[in-house]
There are 2 protein chains.
Amino acid sequence: MPTISDVARKAGLSVSTVSRVINKKPHVSQQKETLVKAAMKELGYKPMPAARQLRGTKAKNLAVTVPRITNPFFADLINVIERTLDSKGYTIILIQTFGRKDKELDALKLLTNQTIDGVILCSIENDAPVIQEYSKYGSIVLVNEYLGELDLPTIRANQYQGFKEATGFLIQRGYKNIAYATGHKNIIVTKKEGTNLNSNRFSGFQAALREAKMSFDPKMLFTHVQTRDAGLKLFNKLFKENKMPDAIISGSDEVAVGIMEGAKEVGVEVPKRLGVLGIDDQSLSRDLFIPLTTVRQPVEEMGAAAAKAMLQHLEDKDVVENKVFNLDLVVRESV
Amino acid sequence: MPTISDVARKAGLSVSTVSRVINKKPHVSQQKETLVKAAMKELGYKPMPAARQLRGTKAKNLAVTVPRITNPFFADLINVIERTLDSKGYTIILIQTFGRKDKELDALKLLTNQTIDGVILCSIENDAPVIQEYSKYGSIVLVNEYLGELDLPTIRANQYQGFKEATGFLIQRGYKNIAYATGHKNIIVTKKEGTNLNSNRFSGFQAALREAKMSFDPKMLFTHVQTRDAGLKLFNKLFKENKMPDAIISGSDEVAVGIMEGAKEVGVEVPKRLGVLGIDDQSLSRDLFIPLTTVRQPVEEMGAAAAKAMLQHLEDKDVVENKVFNLDLVVRESV
DNA sequence: CTTTTATTTTGAATCGTTTTCAAGAAAATA
DNA sequence: TATTTTCTTGAAAACGATTCAAAATAAAAG
């Protein structure tokens, strides 16, 4: 592959001049400019990113972390993000965390050696201080998940509102004993608004119960449920132990499918004997054997906003976008 | 961020010695080695990839191209690929081509300036010669799609066999007028085995018809159908023009869903009045309102094989793995 | 025409590594 | 002990770009 010196030689000029035309810097005559451009074209010259980076040029690489890409919600998110950032000349590096702190750290660490200019975190595995620490090495934006303590550009949905409304709807439909399943490891409930996705969802849920003067049996809280299979297992456990609630709020559409599948197998009617609420509104959710009632997350919008926030923050560290989208309930037939 | 010289200074040694311990080269005493390691730990030193690359070290980056990641088939593929390559210390760069030649070229071009060591192509947009050309700059492996003329490591499924069997099954079920929809732009039918996914599928389809002494109406061939929406549109067109076949082989599960959705809306019974065959066997396909009969692609296996083929080829350019998996029909209720 | 000023062009230093080469120290051989 | 061989170490030259300061050239002013 040709180097900048090859170009210079062919053009009969110095490397500095060539560099200047590459970078569109002033102080180069029309004449020489065309000379250089011709030489570059002829040799098929492309500057080597590694060499430029060494001199301090931005890498134009960004990392995106997701728990796992096979969850269509995250695939959709990545899709928009990749599209809009690619159009601005950025290359994106995909990192699946599988919920592991170390994987997320790997991504963050890429900031320190200038491999990437920024990271978009679609989930959060590490604690606030450690993430914040890395923000001095590059731009970090949060999308979907969020942490109140983090002073970073954040694009999120109003989980509190969404879950309050959805739960209210369940109550209105007459469900009395509502179970709550989530993919997260634990739920830290805080009074403060905007703390994190997880607790905001749960407190929205509780707020609705409270308003209806209903109480929640802590035994009906299930964590670590994040796949179709886990949903199926949860249903079977409930069924076997004879502790069936009359509705379940599941942490994702995938989980909801697992639950409905379990119900079908043993003949528990949905939504009559068991209401099942999904979260996400994946594209196939409306085509399921029981079209899913679910809380729609505005993925496209959130992804686009996240990409934009990243671009802005790369441009100017002082603008920390903070956007929150409303969630809406898509009523179909599972509730 | 600390540099190698900082480490050297702190350890009271030269950069060369530090470099030697970083790269586990011989000729450094136990004593100094521990000294260096201590200094590295204390400073939290990490070698800068850009600088190493400049000196010719491999980047340990790989690109993966897919038409679009929102298709679960490709998401699954990427998932396995990322997992296995990540475990070997490779970082993966995601590139969505959306069927565009230039996007694929962008990926290939990353090879020339050593940004990446190799590319895994999950689809093929450019012509064989242009792709082959880039193989001199790094490793290229094909997975899923393939091109007979390309002399590259290739992991694929036996589309001919799969489609012949699936079509045979349709015929056996009594379907007589079978339409064929594909996401591809055109179908070049060649007699030669192993030419490309597209034509192999189609010739498998035709072989089955031939054996049954049935003929195919070229008007029943539809290209450019690759989304749920396109499937729906296709159905509506067929319905409106009163040209409804009695079965449709669709290029993907997504398309099949669109078709079945259209059928449901106007009351065309599936599978009684219209058989619908999907391809892929996405995870939700069994949970649809009509569980889909589909040709299962062994995604996990193919992805893993592709990653392995890449690793081997990076190691030794002479080993060009060429693996073909069998496809099997998953019979559910749409046919 | 000089002299001054502004513009274009170049040479050389630099970024953080790896690697070659030579020098010095230690070990092995005679 | 003198000599050769083997190990350790460090100084300096790359790698391919950018950039600063200085030199060369052109334009403007006197």
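Here the structure is a predicted model, which means the values were calculated and not measured. Just so we're on the same page: letters track the sequence lines, and every chain starts at 1.
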Donor-acceptor contacts, no H, no angles, side chain residues 309-316 of chain B, under 3.5 Å, sequence neighbours left out:
{"residue": "B/His313", "atom": "ND1", "partner": "B/Ser139", "partner atom": "OG", "Å": "2.8"}
{"residue": "B/His313", "atom": "NE2", "partner": "B/Lys317", "partner atom": "O", "Å": "3.3"}
{"residue": "B/Asp316", "atom": "OD1", "partner": "B/Asp318", "partner atom": "N", "Å": "2.9"}

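- Using a 4.0 Å cut-off between charged side-chain N and carboxylate O, A/Glu301 and A/Lys323 make no salt bridge.
- Sorted by first and then second residue, the pairs that involve residues 46-63 of chain B and meet side chain to side chain donor-acceptor pair (under 3.5 Å), not counting sequence neighbours, are B/Asn23-B/Arg52.
- Judged by distance alone, the side chain of B/Gln96 and the main-chain N or O of B/Ile69 form a donor-acceptor pair under 3.5 Å.
- Legend: salt bridge (Lys or Arg N to Asp or Glu O under 4.0 Å) pairs involving residues 24-36 of chain B, not counting sequence neighbours, sorted by first then second residue: B/Glu33-B/Lys37.
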So if I define the base as every atom that isn't primed, P, OP1 or OP2, how would nucleotides 12-25 of chain C read as a B/S/- string at a heavy-atom cutoff under 4.0 Å?
--BBBBBB------

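- At least one side-chain heavy atom of A/Ile93 sits under 4.5 Å from a side-chain heavy atom of A/Ile95.
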Using salt bridge (charged side-chain N to carboxylate O under 4.0 Å, His left out), reason through A/Glu42 and A/Lys10 one step at a time and then give a plain yes or no.
CA-CA 9 Å; A/Glu42 186 172 353; A/Lys10 165 138 286 175; 3.5 Å; yes

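- In this structure, B/Arg68 fails the cation-pi test against B/Phe98, since its NZ or CZ atom is not both closer than 6.0 Å to the six-membered ring centre and inside 45 degrees of the ring normal.
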Output, in order, the C-alpha distance, side-chain angles, deciding distance and verdict of salt bridge (charged side-chain N to carboxylate O under 4.0 Å, His left out) for A/Asp6 and A/Arg9.
CA-CA 5 Å; A/Asp6 296 329; A/Arg9 202 168 311 123; 3.3 Å; yes

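- Each end of the helix from C/dC1-D/dG30 to C/dA30-D/dT1 yields a helix axis from five base pairs, and these two axes differ in direction by 50° (to the nearest 10 degrees).
- When A/Arg100, A/Glu104, A/Lys101 are each tested for a side chain to side chain donor-acceptor pair (under 3.5 Å) with A/Asn126, only one passes: A/Glu104.
- Taking every nucleotide of DNA chain D with any atom under 4.0 Å from a non-hydrogen atom of chain B, the first and last of them, 5' to 3', are D/dC7 to D/dG16.
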